[in-house]
Structures are given as structure tokens and as C-alpha cells.
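So the structure is just underneath, and the comments pick up after that.
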There are 4 protein chains.
Amino acid sequence: MDFRLNPNSGVPIYLQLMEQVKHGIETGALQHGDQLPGIRKLAEVIVMNPNTVAKAYRELEHEGYIEVRHGAGAFVTGKLNNQEVQDRMDRARPIFETAVTQAAALGLNDEEIRRMVEAELQKIEFRKGASH
Amino acid sequence: MDFRLNPNSGVPIYLQLMEQVKHGIETGALQHGDQLPGIRKLAEVIVMNPNTVAKAYRELEHEGYIEVRHGAGAFVTGKLNNQEVQDRMDRARPIFETAVTQAAALGLNDEEIRRMVEAELQKIEFRKGASH
Amino acid sequence: MDFRLNPNSGVPIYLQLMEQVKHGIETGALQHGDQLPGIRKLAEVIVMNPNTVAKAYRELEHEGYIEVRHGAGAFVTGKLNNQEVQDRMDRARPIFETAVTQAAALGLNDEEIRRMVEAELQKIEFRKGASH
Amino acid sequence: MDFRLNPNSGVPIYLQLMEQVKHGIETGALQHGDQLPGIRKLAEVIVMNPNTVAKAYRELEHEGYIEVRHGAGAFVTGKLNNQEVQDRMDRARPIFETAVTQAAALGLNDEEIRRMVEAELQKIEFRKGASH
DNA sequence: GTGGTCTAGACCACC
DNA sequence: GTGGTCTAGACCACG
């Protein structure tokens, strides 16, 4: 597995890392029991601060995606890949596959697509009734 | 125009403000030449610090959406309202309206929706050939 | 006399007005005793707030360039066009005529020329020994 | 690199800071990749508020001179060091070095020098055909 | 009236 | 360690 990181995207690097590990798990590229690269080794490969990688692993562990076994490494758990989240994701994926592809075809760049989504999210927040 | 802000959403308030002004401009609710509410006045209405509003206005100016005239107020620019972007946005809006609404109905929260979109964007980037 | 104002230059409008009146006086376009346009009339012509024009006149009076006679209008004084300032200006003018023309010929735009001058001014301030 | 600021010059402190960083970059004192002092550290050294320094850094980033990496620091960009601008600047510098020094020797103060330059810039604009 | 600058200091996020 | 956000409030400058 190789990682694609963009330090200038505004998205924190540790989140990008988490993102991609999660994505790997959700798509089956990373299976239950698979070992993730060591923190230092990965940090070296992606030319990032080990603390950044450590934070990503720590958060992934908090969320139950991986298990960090002291001295042994980090391993993918099967636990929190519970039906609920998995199913939601699986059912939603084709929706966004289509939407994003269409938008890209219309000529929108990443930035514009994100803004579009944010605008819609705010509309929904508003329907739920946020603060003033 | 009224603003709906959620100070606890994790999204910086000034960004939420920018988002909504942009949205207003893109949908035509704010037209070229329209004056935005005064910094202090708006700050009072939304119960936020004037500096926070000022920051939103300053950034919007940097991005070319508005023009801030010292002593006179902030005004919507016509520049970024070019057909191109406007049209792209207008054509893409219903796509995301549907997609995000469907996803929300499936139970995905904001965070999951953003991740889903990011994953799709990465897939597209990847097709074009990305870095690392 | 007509005025050239740029509300987007960053330079306050009232300063631009003062600038041009001074320039007129220094070059002889405005002579001792000449009457300046009325505040309201000028404001109308240049499409600016009368307060702005008033402020320019007030400052010009403070600096002794003009005399505002209540109910009669504003008139150019000969007083502060003393030899000293006049002479300095006259001797310095060709220097900058050359410098700015050369710089423009080299392709520098207004912004770059201003920055160049500011940098030099700071170097001089520094030689005189400013605060930290 | 050390900074020389004058809080009473009328020129905003954050602009003075920007000015000096830019100058450092243009003269080569600050090279591509160099790290600028930390916001709080610099604020302490120059005895100013960290927010003031932060504003200078933020603006410099907007203008492309530096890149601010959250949690890592601020770094000089290579982008704006393109030959074109650099060369223009280098060729123009001696012109203004001479001009400003001569003007200062003639007794003109900063304000008068700026006015002189503005007058010349207007003359050039005028030749090109200006507004109002 | 408008916006702009600066301060002081809390609290959070990232590397 | 780094920068980012937000608050509270003083004081100034522009129209």
C-alpha cells in the first residue's frame, strides 16, 4: 500500500493518512489482521514527521480501526468494521462516485466540488436547526 | 440575508461566514454592488466578535468575492461572477443536492460525507497520476 | 483643473486630492489667490463624499497651502510655498523624473516601484537608527 | 536576520515586517526554503504582539512570498523568486538607491519623497491615458 | 457611520 | 515546539 499525501491541501496530514487507511479497510485492500508499516519506517517513506504518523495510528486505534500492539506493530481489526458503518458507506459510495464524476466532467475542480458539498451540508445543518 | 452559524461544528466560524456569503453570491441572493452588513453590526447580530467577522470579510476580499472600502463598507464584487464558474456551479448544484440529501438519509454524518467525497476526489486525481 | 482619483489604490482619497492640489501649486498650475472649487461642487464632479473633500481642504489649510474663507470659498495662499520646500522639491524633481522613467522602462509596475522606494526609505531610517 | 521597526511612523507594523521580509527575499538574504522565526519568538524579540507578527506572515503567504505550515513554521517560497521579477528589481535597485539617497541629502523627508514618486507615477499613468 | 490596527490572553490543532 | 482561532476592548483613520 502506498500513500498519496498533499501537505498543501489544507487537510491535516494525519487526517489524510487516516483517510487512506480507512479507505483501504473499507475497500478490502487492508484485511483483518494485516500489519501496517511501522511508524518510523512509514514516516521515512512518506517523508513526514513520525509524530504525525503516530497521531494517525493513535486516532485510528481510538476509532477502533486498528490495534497497536506494543513492540509488535499496528494491525487491522475487524471489530469496528461493523455492519452499520460499512453498510452506510457501501450504499453511499455509488452515489458519490456518480456525483463527483459528473461534477468533474462538468469542469469543477476539487476546490469547487468541496465548496458545493459544504454548501449542501450547511443547508442540511440548517434544516436540523443550528444555533443562530 | 441572515446567517446560521454553529460554533461547535469544528469548522471555524469565519469560514462558515465566508461559505455563506459565497453561497449567497453564487445563488444570486447577493448581487454585484450589494453592501454587506457592517462588521460590528453583523458581529452583534450573530453574537460573535467583530474581529471574527472582519477576518471573514478580509479573506473574502482576498479571494475576490467582495471589495472592502475603508470607511464605506463591504460590497459584492462582480468579478468572480463570471458566467463560466457560475454556470458550472449551477449545473452541478442539483447533483450534490441529491447526493448529499440521499447520503444524509442513509445516516451518514457530515464527517463521513466529506470523507466519501475526498475518497472520490483522490480516485480522480489518481487517474490523472498523482505524486507520492 | 481636473482630478484623477483611484479609490482602489490603497492611498486614501483625501490624500490623493491633497496630493494633486499640492502638485498643482508646486508646478504653478495653481497660483496664489486662485480659488479652488467648492466642496459640494467638487464632490459632485469627482463622485466622492463631500466629507472627503472637506477633509482634504481642512488638511491643506492646516499645512498652509490654502486658505478657507468662510462663505467665500478656498483660495491658494502664497505663504507656505516658501523657497525652502519649493526649492527642495524643484531640485529633487528631475531626480525622480529620471528614476521613475527608467524603472518604468525596465518594466517595473507602480507597485514594484513603490516597494523599491519603501525599501530604500527603510534603509535610510535604519541608518538614522530607528527603534529596534 | 534582525528587524527594525518604528511603531510611530504611521506605517502599520505588520507592513513594515512584510516589507523587510520581502526585501530580504529580493536581495537574497532569505533563500528558498529558509525558515522564518517563529511567530511568538519573533514577537518577543521585536517586543510586539504575536497577532501582529501572525498578520504579517499571513499576508506574506497570501502574496506568495512564504508558505506557512501549521505546526511546522513559516518558510520562504521559491515561487516569486522567478528570474523576471528578480532581475527587474536588481536592475532597478541602484537607480532608487541613488535617487532616494540624493533626495534625502537635499532634505526631503519620507513623506515628500513618496509624494514625489506618486506624482511621477501619475504622470506616467496619464501618458497612458487615465480615468476621471 | 464605516473599517483597520494593535494589544492581551485563552484555548485548540498540528508536527 | 509550531501556527490557528476567538475573545475583549482600546484607539485610529476614512467617508
Tell me the closest heavy-atom pair linking [X] and [Y], and the distance in Å.
X: C/R69; Y: C/E67; value: NH1-OE1, 3.5 Å
X: D/R115; Y: C/H23; value: NH2-N, 4.4 Å
X: A/Q16; Y: A/V11; value: NE2-O, 2.8 Å
X: C/G64; Y: C/T77; value: O-OG1, 2.6 Å

Taking atom [atom2] of [N] as reference, at what distance in whole Å does atom [atom1] of [X] sit?
X: B/Y57; N: E/dT2; atom1: OH; atom2: P; answer: 11 Å
X: B/I46; N: F/dT7; atom1: CD1; atom2: P; answer: 9 Å
X: B/L17; N: F/dT5; atom1: CG; atom2: P; answer: 13 Å
X: B/M18; N: F/dG4; atom1: CE; atom2: C1'; answer: 15 Å

| request: State whether A/K22 and A/E19 are salt-bridged, where the test is any N-O pair (Lys NZ or Arg NE/NH1/NH2 against Asp/Glu carboxylate O) under 4.0 Å. | output: no
| D/K123/D/E120 ion pair, N-O < 4.0 Å | yes
| said: Show, in sequence, the C-alpha distance, side-chain angles and deciding distance for C/E44 and C/K41, and conclude whether the salt bridge (charged side-chain N to carboxylate O under 4.0 Å, His left out) test is met. | reply: CA-CA 5 Å; C/E44 197 180 337; C/K41 196 182 160 210; over 6 Å; no
| message | Applying side chain to side chain contact (heavy atoms under 4.5 Å, CB included), can you list everything that pairs with A/Q35, at least two apart in sequence or on another chain? | response | A/F75
| query | In dot-bracket, 5' to 3', how would DNA chain F read with Watson-Crick or G-U wobble pairs under 3.5 Å, [ ] for crossing ones and | for pairs to another strand? | reply | ||||||||||||||.
| What is the per-nucleotide protein-contact pattern of nucleotides 8-15 of chain E, from the 5' end, where B denotes a base atom under 4.0 Å from a protein heavy atom, S denotes such proximity for sugar-phosphate atoms only, and - denotes neither? | BB-B-BBS
